[in-house]
Amino acid sequence: MALAVGCFSLMDAGLKLLTEHYPSLQVAALRGAASLPLVLAWALATAPAISLVRVRWSLQLMRGGLGVVMMVAFVHALQTLPLSTAYTIFFVAPLLITALSVPILRERVGPRRWTAIIVGMLGVLVVLRPSGEGMFTLAGLAVLAAATAYAVSAIGVRVLARTDNVQSMMVWFLVVIALGAGALALPGWVRLRWADGWLIAGVGLMGALGQYAITQAFRIGEASLVAPIEYTALIWGVGLDVALWGVLPDSVTWLGAAIIVASGLYLLRRERVHVEAEHP
């Protein structure tokens, strides 16, 4: 999981650098297209080709559509927000997944976990500062939209995993992002610069490696132990912000991050207790 977080952080830094020269829709399309050849090669090497087409198309396409929304919104936010701030707001995703599991998966969430969800959302409000001259901007809301799309997509993975393999989910997710965002970006497409070739390739490589690493992490590790490592993305975000753009999060962002991370960790702990109680 630590490797996955590092890869995705480097990928996001590459996406942010690309937004300096290309529209957010085009950058989102490039992310999908650059990773697709690597993921497709891995999928064909590890699973029968027929398993990539015998899938639940409605759910696969819905998840891909959510992926387009997530990538476009997140990339748009990166145009103006530091990585560390974007990550802090995006950390609300695990809380949203738990909340959405009630109406969609009919899972039971007790009062303690609902309290953690509410506290975590208050942490997001602290970061967004919806008053005065705060950061309650389109970029901040875009990250929140990306986190929501990611959360719904994660619920979709739980449903898809009952019938479709991981390889098909990864391949079609990237295909829909590449084609969907690419089609939307076509009217305003900017010609690619040769100088950005290494950056686009790096985004594709880091995205593919990160996806493989996170899949393996959740396959061989206990979710309640693996998931908290995702919060180390904040360390990567701060380091990359300083190294590449010379910025640091302010004290209010740190406070919001502490609230959100604490809520997420408590939620994971309660989830583990809940699972152990059901399966002693």
Side-chain angles (χ1 to χ4, degrees), residues 1-6 8-9 12 70 74 81 83-130 134-136 140-141 143-158 161 213-215 217-239 249-280:
M1 176 57 82
L3 175 63
V5 171
F8 282 137
S9 298
D12 290 337
M70 178 187 70
F74 192 75
L81 289 182
L83 279 176
S84 52
T85 303
Y87 285 165
T88 298
I89 301 171
F90 199 85
F91 284 159
V92 77
L95 308 177
L96 293 174
I97 291 172
T98 301
L100 290 171
S101 68
V102 175
I104 298 177
L105 299 178
R106 304 299 181 185
E107 294 182 359
R108 182 182 177 277
V109 174
R112 292 184 181 181
R113 287 194 284 174
W114 276 118
T115 300
I117 292 169
I118 293 171
V119 171
M121 294 304 297
L122 291 176
V124 173
L125 289 178
V126 170
V127 179
L128 292 176
R129 281 162 275 184
M135 294 180 61
F136 197 69
L141 294 176
V143 179
L144 202 53
T148 303
Y150 173 82
V152 178
S153 176
I155 296 293
V157 168
R158 293 188 187 182
I214 199 171
T215 301
F218 281 109
R219 186 180 69 84
I220 63 179
E222 188 177 339
S224 60
L225 296 177
V226 170
I229 301 174
E230 291 189 58
Y231 291 119
T232 60
L234 185 57
I235 300 173
W236 279 95
V238 171
D250 58 23
S251 57
V252 177
T253 301
W254 281 115
L255 175 61
I259 295 172
I260 297 168
V261 171
S263 301
L265 292 176
Y266 179 79
L267 197 63
L268 288 165
R269 179 179 176 276
R270 291 304 307 170
E271 179 67 22
R272 186 175 185 180
V273 170
H274 177 70
V275 171
E276 290 176 349
E278 286 193 343
H279 306 285

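Side chains are part of it too, since the values below use all heavy atoms of this structure and drop only hydrogens, waters and symmetry mates.
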S.K.: Do Trp236 and Asp12 make a side-chain contact, defined as non-hydrogen atoms from C-beta onward lying under 4.5 Å apart?
M.R.: no
S.K.: So, for Ala93 and Ala147, which heavy atoms are closest and what is the spacing to 0.1 Å?
M.R.: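 Answer, listing the atom of Ala93 first, then Ala147: CB-O, 4.0 Å.
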S.K.: For Leu81 versus Val143, what's the shortest heavy-atom pair and its separation?
M.R.: CD1-CG2, 3.8 Å
S.K.: If you compare all heavy atoms of Ala86 against all heavy atoms of Phe74, which two are closest, and at what distance to 0.1 Å?
M.R.: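 Distance-wise, the nearest heavy atoms are CB-CE1, 4.0 Å.
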S.K.: Going through the checks in order, is the side chain to side chain contact (heavy atoms under 4.5 Å, CB included) test met by Val238 and Trp254?
M.R.: CA-CA 11 Å; Val238 171; Trp254 281 115; 3.7 Å; yes
S.K.: Contact between Leu234 and Ser84 at the side-chain level, heavy atoms closer than 4.5 Å - yes or no?
M.R.: yes
S.K.: Where is the tightest heavy-atom contact between Ile229 and Met1, given as atom of each residue plus distance?
M.R.: CB-CG, 3.5 Å
S.K.: I need the single residue from Leu95, Ile260, Ile259 that forms a side-chain contact (heavy atoms from CB on, under 4.5 Å) with Val119. Which is it?
M.R.: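 Result for side-chain contact (heavy atoms from CB on, under 4.5 Å) with Val119: Ile259.
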S.K.: Are the side chains of Pro94 and Tyr231 in contact, using a 4.5 Å heavy-atom criterion?
M.R.: yes
S.K.: Ser9: what forms a side-chain hydrogen bond (donor to acceptor under 3.5 Å, both in side chains) with it, not counting sequence neighbours?
M.R.: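 Not a single residue meets the side-chain hydrogen bond (donor to acceptor under 3.5 Å, both in side chains) criterion with Ser9.
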S.K.: Quick one: CD on Glu230 to OG1 on Thr232, what's the gap to the nearest 0.5 Å?
M.R.: 8.5 Å
S.K.: Surrounding OH of Tyr150 (heavy atoms of other residues, nucleotides or ligands, distance under 6.0 Å), is the total greater than 12?
M.R.: no
S.K.: Using the rule given for side chain to side chain contact (heavy atoms under 4.5 Å, CB included), can you reason through Met121 versus Leu125, listing the C-alpha separation, both sets of side-chain angles and the distance that settles it, and then say yes or no?
M.R.: CA-CA 6 Å; Met121 294 304 297; Leu125 289 178; over 6 Å; no
S.K.: Taking all non-hydrogen atoms of both residues into account, name the closest pair between Thr253 and Val127 and its distance.
M.R.: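 In terms of heavy atoms, the two residues are closest at O-CG2, 4.2 Å.
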S.K.: Out of curiosity, Arg158 CZ to Leu100 CG, how far, rounded to the nearest 0.5 Å?
M.R.: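 Output value for this atom pair is 10.0 Å.
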S.K.: Nearest 0.5 Å please: distance from the OG1 atom of Thr148 over to the CZ atom of Phe90.
M.R.: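 That separation rounds to 9.0 Å.
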